[in-house]
There are 2 protein chains.
Amino acid sequence: MKPEIEPIKECSHTILAIHDVMDILNGKWKISIIACLCYKKMRYSELLREVKGISGRMLSRELKELEMNQLIIRTVLDTQPVTVEYEITEYGSTLKNLTNTIAEWGLKHRKRIIGK
Amino acid sequence: MKPEIEPIKECSHTILAIHDVMDILNGKWKISIIACLCYKKMRYSELLREVKGISGRMLSRELKELEMNQLIIRTVLDTQPVTVEYEITEYGSTLKNLTNTIAEWGLKHRKRIIGK
DNA sequence: TGGAAAGGTTACTTTTTGTAACTTACATCC
DNA sequence: GGATGTAAGTTACAAAAAGTAACCTTTCCA
């Protein structure tokens, strides 16, 4: 019988939950993409413009992962030439609260470091 | 005069703000560490136990970065042997709302995939 | 006729993470 | 008094993720 040190339960549960979220929303781009698509549905090229700094390679990877996790839907539109539309799912839109909270803190932080 | 396509303003601001946050809270461990320290101050070894899966190497790196960003404080205690305590700063604790929001979504998501 | 836009993919490089062993100083076990 | 353990890390090396830039196909527009 080892005298194991018990992790704090309440804390451990929180950490586990956060970990679950970070597994789905990993990398620095997914939250931004979700936030964009919460705002409105967009095409690949629009996202490339909106999510500043992301490369095509990363965007397509991230979109695939988000689609696999059923947070967004990819639709190929029957236009000439074909366009592709990415839209948040109902489930994905439950993340809106989360993205808003992050953005709010970011705005406050920006004010703080810019110095009022 | 190029016919530049304007990014959506409201959306762009949000994306910028999120990007700022992700620069500070990058990687998959920082948010968990902050959440832990919001719960109570902890020593290095305690964090190593609480933040399941993190390695010593990553923990010390992440702690350094968080300290640089003034979200936590490192204190060496004059004990035998020396112990080191990490504590959230007042500023860091403004992230509590953010970590809670993430954890809440994580809990709901877990229920959903486990299939209630 | 030849850009440019749309929606990507590929090859290659750089950066980040992860793994595991090692360190120094004290403390306890047998 | 040698072996083992805790505390708080660091180091060297390997694997994974991200970034960069060029390329591809189809179609529109001048």
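Protein chains get the first letters and strands the later ones, always in sequence-line order, with residue 1 at the start of each.
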Contact under 4.0 Å: [X] side-chain N or O vs [N] OP1/OP2:
X: A/K30; N: D/dA17; answer: no
X: A/S45; N: C/dG7; answer: yes
X: A/Y86; N: C/dA6; answer: no
X: A/W29; N: D/dA17; answer: no
X: B/R49; N: D/dA8; answer: no
X: A/K28; N: D/dG19; answer: yes
X: A/K64; N: C/dT9; answer: yes

- For B/S55, which contact category applies under a 4.0 Å heavy-atom criterion: base, sugar-phosphate, or nothing? base

Please state how far atom [atom1] in [X] lies from atom [atom2] in [N], giving the value in whole angstrom units.
X: A/M22; N: D/dA17; atom1: CE; atom2: P; answer: 15 Å
X: B/Q80; N: C/dT28; atom1: CD; atom2: P; answer: 12 Å
X: B/I54; N: C/dT16; atom1: CD1; atom2: C1'; answer: 13 Å
X: A/L59; N: D/dG19; atom1: CG; atom2: P; answer: 12 Å
X: B/E50; N: D/dA7; atom1: CD; atom2: P; answer: 13 Å
X: A/N26; N: D/dA18; atom1: CG; atom2: P; answer: 6 Å
X: A/L48; N: C/dG7; atom1: CG; atom2: P; answer: 10 Å
X: A/M58; N: C/dT15; atom1: CE; atom2: P; answer: 15 Å

- Task: Between B/V82 and A/V82, name the one whose nearest nucleotide on DNA chain D is closer to the 5' end.
- Result: B/V82

- Task: Name the residue closer to the 5' end of DNA chain D, choosing between A/E62 and B/E85 according to the nucleotide with the nearest heavy atom.
- Result: B/E85

- Counting heavy atoms from C-beta on, name the nucleotide in C/dG7, C/dG18, D/dG9 closest to the side chain of B/V84. D/dG9

- Item | Listed nucleotide nearest any side-chain atom of B/T83, set C/dA6, C/dG8, D/dA7 | D/dA7

- From CA spacing to verdict: side chain to side chain contact (heavy atoms under 4.5 Å, CB included), B/L66, B/I33: CA-CA 9 Å; B/L66 290 172; B/I33 295 171; 3.8 Å; yes

I'd like to know if [X] and [Y] make a salt bridge, using a cut-off of under 4.0 Å between side-chain N and carboxylate O.
X: B/K28; Y: B/E62; value: no
X: A/E85; Y: A/R74; value: no
X: A/R43; Y: A/E87; value: no

- Where does the angle between the aromatic ring planes of B/H109 and A/Y91 fall among parallel (under 30°), tilted (30 to 60°) and perpendicular (over 60°)? parallel

- Item | Residue pair A/K30 / A/N26, side-chain donor-acceptor N/O under 3.5 Å | yes

- Query: Can you find a donor-acceptor pair, distance only, under 3.5 Å between A/R57 side chain and C/dG8 base?
  - Reply: no

- Query: Given that A/P81 and A/S60 both sit by DNA chain C, which one's nearest nucleotide is further toward the 5' end?
  - Reply: A/P81

